[in-house]
Amino acid sequence: MYTEKVMDHFTNPRNVGEVENANGIGEVGNASCGDIMRISLLIEDNIIQDIKFRTFGCGAAIATSSMVTELVKGKTVEEALQITNKAVAEALGGLPPVKMHCSNLAADALHKAIEDYKLHQNEGVQRLEEKVSV
Amino acid sequence: MKRIYLDHAATTPVRAEVVAATVEYMTTKFGNPSSVHSFSREVKEGVEKARAQVAGLINATPEEIIFTSGGTEADNMAIIGLARAYAAKGKHIITSAIEHHAVLDTCKALEKEGFTVTVLPVDEYGFIGIEKLQAAITADTILVTIMHVNNEVGTIEPIAEIGRVARENGIFFHTDAVQSVGKVPLDVEKMKIDLLTGSGHKIYGPKGTGFLYVGKGIKLNPLFFGGGQEKKRRSGTENVPGIIGLGLASELAGKELETEMARQAVLRNMLIEGLLDRIPYTRLNGHRELRIASNVNISFEYVEGESLLLSLDLQGVAASSGSACTSGSLEPSHVLTAMGICHETAHGSVRMTLGRETTNEDIEYVLGIFPPIVERLRAMSPLYDTKGRECGECTLKK
Ligand SMILES: Cc1ncc(COP(=O)(O)O)c(C=O)c1O
Ligand code: FES
């Protein structure tokens, strides 16, 4: 039912785990089937230097998680934000129709991790500003 | 690669003897049993022999057996046929939350015809409570339909007691025995069963074959109209090769029932204990003892069932799961949910069902490959960090 690519990423997932000095973390739950995915990443100079995932889910969820990390590693934040669910599914050679929602999980977790990074950056900027005004 | 089939509750391979018998009735003995010539007579004899073979397995008489296209049709025929025939007497039906959809959805369809349906809850092991059944009976109740053995967790329902209660209250009792025919001793007389569903492909017979036992004197409105076969209860030229195969498969299943089930129970226990011992955070679904000899259903916390099945399949082991991710509807198994098992635990459930060809070595092989598979997936799972939590604390519990 799955393509060879999907099975490859399922059996040998890339970038599993947690980035130790991560500055962005995104965790999302899949409303339709109850699966969970967590992405941690390290962004430096606007580049995704490191990214890792952990996923509780089906074969498609694991494979899309793995694929999304591979797709964005080394890319700029802007490029990463362009990644869509469809792009992840396509990179895997397609997913069965009932499994398309699994790819949402991966893209959503990535976007959330980037949002989290941005939020921290802003906080940092704010803190800096506070310091200056004191 | 070694291939081990542990999905016998889904279907079974057809026995060689059965294949040979069905081929004979497709080739040399091909006549239509309803004709008048000699080609017909030998076929008719074969069909009647099969009827007796099936009846013998459940202590019925041959006239009480109607051949169908499988368990699904027999369930539909029993429930719809009986409800329509006795609608003037009452319009209330009682069933359980863990039935196969062939029963549940049939009952639901009858609600549109003005029948009311009570769906009995089950306890944590999947048992229906006799008191709950008794309390659900009203003057309007005409039928109780409760399965004998559950297909997912293997729980054996107290059908003799259900039969007694139904009989005492003048209500018909139908049981879907698809998972128990040929595996658990059945006696429709002693157990006071009025209607019983069986299926051929679960007992090493051909797919698309099955039967409904209907006790003498019980009326049934037919679902099919036409040539009036099966005493006008099921029109359509008989699936003769299938019927012959079903008959022989039934007889053979009956002959080896005791020894085979004792053998499988040993393997089942070995598999259950081996997995629970070797892998932490596991849970046996269903009852430890009151389960069919062929069923193992275990939840591996923090991992998802489909990814377990894929990993097992990569190493040649075929199993199934009650995970939402394998269901197509993205809902976890209605059986596990009805047993109060939370979504996350249902998610990590794996069903392994043993069969005639399952060996000791097969079980040892599975016990060997299983722990690393679970370990690998757990290492990948963000939930594993929360290990040790109680089931009731599930974040996803609805
Ligand atoms: C309990 C139960 N009832 C009914 C059926 C349907 O039987 P069949 O596949 O012969 O239509 C099955 C098989 O999947 C079953 O397990
Ligand atoms: S994540 Fe549940 S079906 Fe894919």
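- Neither the backbone nor the side chain of A/S65 has a heavy atom closer than 4.5 Å to any heavy atom of chain B.
- Aromatic ring centroids of A/F10 and A/Y2 lie 6.0 Å or more apart.
- When heavy atoms are compared at a cutoff of 4.5 Å, A/K52 does not approach chain B at all.
- Between atom CD1 of residue B/I203 and atom OG1 of residue B/T209 there is a gap of 7.5 Å, rounded to the nearest 0.5 Å.
- For the pairing with B/I292, the side chain to side chain contact (heavy atoms under 4.5 Å, CB included) check across B/V153, B/T353, B/V149 returns one residue only, B/V149.
- Looking at B/S321, there are no atoms closer than 4.5 Å to chain A (heavy atoms on both sides), in backbone or side chain.
- B/Y365 OH: more than 12 foreign heavy atoms inside a 6.0 Å radius.
- Within the 4.5 angstrom heavy-atom criterion, only backbone atoms of B/R378 (N, CA, C, O) approach chain A.
- Smallest separation of non-hydrogen atoms from B/T11 and B/Y5: O-OH, 2.7 Å.
- Heavy atoms closer than 4.5 Å to chain A are found in the side chain of B/L314, but not in its backbone.
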